[in-house]
Amino acid sequence: MSTATHSLPAAMPAEWRDFLALTKPRVMTLVVFTGLCGLLVAPVQLPPVLAFTAILCIALGAGAAAALNMWYEADIDAQMKRTASRPLPAGRMDRASALHFGVGLGVFSVLLMGVATNWVAAAILAVSILFYVFVYTIWLKRRTPQNIVIGGAAGAFPPVIGWAAATGDVTLLPVLLFALIFLWTPPHFWALSLFVRTDYANAGVPMLPVVAGAKATRVQILLYTLPMAAAAVAPWALGLTGAVYGIAASVLSAVFALMALQVLLNKATEAQAMGPEKRLFAFSILYLFALFGALVADKWIGA
Amino acid sequence: MTPQEEAEVRRRQRTRSILMAALLIGFAALVYGISIAKMGMYGG
């Protein structure tokens, strides 16, 4: 729980920009994009207004989860350079406002999803928000260096929700897309945590490089990259997509694996010498965007 | 509370109110659109 002190006078309301900042808008781009791709590759086409509403609900749900995460983690955020200027640790907003905003936004997004599309999609959206807040943020993040693995599951829900919004069910392809993002998250985040390591150490978060060392982290990055590549190619191998996606997935995953290998071979302990780690982190974001883009392109070309 | 702080509170309340009004109008338009789309889907 936060013991952050407030410089805010009791009656001073927070700026609207700070509520927007609570939703982590930059993280939301990947969530919205993968959710949209899940919706677009589904075999059922929704009317544009309903498709828009479904994506809006996924974005609002992600924003709610981010706000509740910041509500709970104000004490950690205050101790890290990267996060110290967020609305709560900087004292621009009181904690109750963040809590009310997060809960209100979350309930609203789930109800709107249910009314606009179907209650299967709404239920998965609710589970993803609750999972991120309770299982990841409150339960596991401060207790285990595998926190990122579990947190990855929360980020893997959007394509499944997008698919379910269109079809009302969940089949093998959305499950494989879930597996892909789930297995992608650890290499993506551990690459980052290698070169911002000192920050996490100061805040007492058990990030893998902090508790197990850089070498073990580099091994783990490669160990997750292999099943991730398998999950990326699987939709093609199982005949669920065409060759456009298959070739894109094979090439992109091979490059990813090669970069993970370079990370494994790097012995640096100082952030300045972590070129391979920084390259892998940057490429991992491009990788996911390109893969999901190829998935949609494949469907449109094949149709 | 100093007069400057008082003015700042009013300014923040005003921008938040305007934004809230805009969001509510947008929400009403969205619900209208959803209703029309649903009626189209079920042939109402």
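In this text, all values refer to a predicted model and were calculated from it rather than measured experimentally. Letters A, B, ... mirror the listed sequences (proteins, then strands); counts begin at 1.
- Among all heavy-atom pairs drawn from B:V9 and A:M12, the shortest one is CG2-SD, 3.6 Å.
- Atom CH2 of A:W16 and atom CZ of B:R12 lie 13.0 Å apart (nearest 0.5 Å).
- The shortest non-hydrogen separation linking B:R16 to A:A14 is NH1-O, 3.0 Å.
- At a 4.5 Å heavy-atom cutoff, the contact between B:L19 and chain A is made by side-chain atoms alone.
- B:E8 CD to A:E15 CD: the interatomic distance, rounded to the nearest 0.5 Å, is 6.0 Å.
- Environment of CZ in A:F134: sparse, with no more than 12 heavy atoms of neighbouring residues, nucleotides or ligands closer than 6.0 Å.
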- Between B:V31 and A:V115, does a side-chain contact (heavy atoms from CB on, under 4.5 Å) hold up when you go through it step by step? CA-CA 10 Å; B:V31 171; A:V115 170; over 6 Å; no

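- Chosen from A:L50, A:L112, A:L56, A:L46, the residue pairing most often with chain B at heavy-atom distances under 4.5 Å is A:L50.
- Between B:G33 and A:V49, the closest heavy-atom pair is C-CG1, 3.6 Å.
- Enclosure of atom CZ in A:F131 by more than 12 non-hydrogen atoms of other residues, nucleotides or ligands within 6.0 angstrom is indicated.
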